[in-house]
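Just so we're on the same page: letters track the sequence lines, and every chain starts at 1.
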Amino acid sequence: MTFTDFAFDDQLLDGLNSMGFKTPTPIQTQAIPIVQSAHDLIACAQTGTGKTASYLLPVMDGICRLEKRPPISALILAPTRELALQIDQQVEGLAYFTGITSIAIYGGGNGIDYEQQRRSLREGVDIVIATPGRLIAHLNSGGVLLDQLKYLVLDEADRMLDMGFQEDLLRIVGKLPKVRQTLMFSATMPAKIRKFAEKLLNNPQHVNIATSKPAEGIKQEAYRTFDEQKNKLLLSLLKEGDYNSIIIFASTKEKVKHLSTDLRKLGLKVKAFHSDLKQEERQEILLNFKNKKVSVLIGTDVLSRGIDVDGIDLVVNFDVPGDPEDYIHRIGRTARAETTGTAITLVNNKDFRKFKAIEEFMGRVVDIIPLPEFLGEGPSNPLASTNKNGNNRRKKKPFRKNGQRKHFSKKKPDAVG
DNA sequence: AAAAAAG
């Protein structure tokens with residue numbers, strides 16, 4: 001199968017060829033005909049599967065074929081600014097010969113950005129790619145020409161609901177024409193998403209190519225460590241290994257900030273990436289990472305989904321993500337497009353059960369690598385320890401009189417908020 | 001549990 005089988009507009013095909021697209025991916029093969037047949041669509045698919053082109057191509061083809069183009073033909077909603085920007089860049093590449101116009105609408109920029117966005121939304125632009133918050137701000141100021149829109153796409157719908165965008169999304173959809181084509185993409189399909197889809201979609205067709213299994217090309221490893229050992233272990237992993245491009249994930253912004261200063265003190269050239277940075281800084285860092293001017297990025301989960309950077313050969317989970325889905329997304333930053341990569345997770349005692357849950361979710365175990373000798377003993381495996389009866393059941397909670405609670409851990413003040 | 005997104 002080739003892209004010519006879809007009978008796309010010639011100019012769109014030119015753009016496709018110039019971007020080096022050859023063979024459609026499974027999601028594209030399945031989704032494109034559905035969109036072309038004017039049905040609504042729910043697709044369960046992760047990034048890296050060719051998901052973005054699977055809706056951009058038929059939507060852009062549809063726009064090329066409109067007898068009269070409305071001021072705004074398509075609205076694409078995405079959870080993060082980086083994803084919105086990335087989609088917009090893909091539109092620009094594909095649209096090169098078509099005359100289709102687009103703009104990414106998101107917050108965090110300067111007043112000039114806001115004015116440009118406002119003008120486009122009031123004067124018309126074929127495709128709008130937006131994060132919900134900023135689009136709402138524009139809708140509140142009025143004059144946004146969405147009343148003749150043909151296509152609505154919700155990308156990473158599960159992530160948008162997780163981020164509390166449900167009400168914003170419903171408000172946005174309330175401003176759109178009832179007759180339109182709606183396409184929803186989500187990495188997971190919990191009941192919450194299904195219910196949400198029922199509100200927005202009309203008799204949708206389903207496509208499912210999602211999997212709880214990470215790509216074959218990812219070598220997964222884990223180390224059991226105490227927190228005090230993590231920095232030194234990380235340093236040795238980075239120094240011993242022959243890696244060109246590395247992402248290190250940590251679960252909070254504070255951890256990301258601390259870790260990047262720590263690693264810098266240890267002599268590594270690293271950049272931190274999180275939402276406390278100015279949007280221009282975020283973009284510059286990501287650009288330099290893509291250019292390979294920056295080789296080590298330390299980031300929060302804002303980087304875990306949707307970011308498509310070629311050539312990342314190592315992902316380190318400095319701690320274990322709480323949600324197995326996030327683990328899959330994080331390690332999926334490496335081994336993209338048929339390449340290989342390594343994913344290493346540092347597991348302390350507190351995270352051990354979360355890590356077991358991830359293994360269960362994937363249906364496979366991850367090799368535990370012994371700590372390098374210079375680090376001394378790591379923690380022993382709490383689930384493998386045997387009690388005096390010789391079985392490996394975990395110890396029962398000690399009986400307590402009067403049901404009192406015993407405080408095992410005090411919350412650190414900086415761990416709050 | 002925290003992240004992100006509107007200032």
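Closest to the Val302(A) side chain, of the nucleotides dA1(B), dA4(B), dA2(B), is dA4(B). Proximity note for Arg282(A) (side chain, C-beta onward) versus dA1(B), dA5(B), dA3(B): the nearest is dA5(B).
Dashed line: the shortest gap from a side-chain N or O of Thr300(A) to OP1 or OP2 of dA3(B) is not under 4.0 Å. The phosphate of dA2(B) has neither OP1 nor OP2 within less than 4.0 Å of any side-chain N or O from Lys255(A). For Ser251(A), no side-chain nitrogen or oxygen approaches OP1 or OP2 of dA3(B) to under 4.0 Å.
Pairs engaging residues 123-142 of chain A under the ring pair (Phe, Tyr, Trp, His ring centres under 6.0 Å) rule: Tyr114(A)-His138(A) [sequence neighbours left out]. The ring pair (Phe, Tyr, Trp, His ring centres under 6.0 Å) pairs that include a residue from residues 182-222 of chain A are Tyr55(A)-Phe185(A), where partners are two or more places apart or lie in different chains.
Ion pair Asp61(A)/Arg65(A) flagged as a salt bridge, since at least one NZ, NE, NH1 or NH2 atom sits closer than 4.0 Å to an Asp/Glu carboxylate oxygen.
Across the protein-nucleic acid pair, Lys253(A) atom NZ and dA1(B) atom C1' stand 14 Å apart, rounded to whole Å. Atom CG in Asn140(A) sits roughly 13 Å away from atom P in dA6(B) (whole-Å rounding). Here dA1(B) presents its P atom at 17 Å from CZ of Arg159(A), a figure rounded to the nearest Å. To the nearest angstrom, C1' of dA1(B) lies 11 Å from CG of Asp351(A). Counting to the nearest Å, the P atom of dA5(B) and the CG atom of Leu85(A) are 12 Å from each other. The CG atom of Asp319(A) sits 12 Å away from the C1' atom of dA3(B) (whole-angstrom rounding). Rounded to whole Å, atom P of dA6(B) lies 11 Å from atom OH of Tyr114(A). Rounded to whole Å, atom C1' of dA6(B) lies 13 Å from atom CG of Leu139(A).
As judged by a 4.0 angstrom heavy-atom cut-off over every strand, Gly164(A) is placed among residues making no nucleic acid contact. Contact annotation for Asp162(A): base contact, defined as any heavy-atom pair under 4.0 Å involving a base atom. Within 4.0 Å (heavy atoms only), Arg81(A) reaches sugar-phosphate atoms of the nucleic acid but no base atom.
Of the residues in residues 127-136 of chain A, those lying under 4.0 Å from DNA chain B by heavy-atom distance are Thr131(A), Gly133(A), Arg134(A).
Partners of Arg119(A) according to the side-chain hydrogen bond (donor to acceptor under 3.5 Å, both in side chains) rule, which considers only residues two or more places apart in sequence or in another chain, do not exist here. Partners of Lys271(A) by side-chain hydrogen bond (donor to acceptor under 3.5 Å, both in side chains), not counting sequence neighbours: none found.
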*Before giving the answer on salt bridge (Lys or Arg N to Asp or Glu O under 4.0 Å), spell out for Lys51(A) and Asp155(A) the whole-Å C-alpha distance, their side-chain angles and the decisive distance to 0.1 Å.*
CA-CA 9 Å; Lys51(A) 177 188 62 161; Asp155(A) 203 341; 2.7 Å; yes

Which pairs of donor and acceptor atoms, one on a side chain in residues 101-112 of chain A, lie under 3.5 Å apart (sequence neighbours left out)?
from: Thr101(A); atom 1: OG1; to: Asp126(A); atom 2: N; distance (Å): 3.0
from: Thr101(A); atom 1: OG1; to: Asp126(A); atom 2: OD2; distance (Å): 3.3
from: Ser102(A); atom 1: OG; to: Asp88(A); atom 2: OD1; distance (Å): 2.6
from: Tyr106(A); atom 1: OH; to: Gln283(A); atom 2: OE1; distance (Å): 3.2
from: Asn110(A); atom 1: OD1; to: Ile112(A); atom 2: N; distance (Å): 3.1
from: Asn110(A); atom 1: OD1; to: Asp113(A); atom 2: N; distance (Å): 3.0

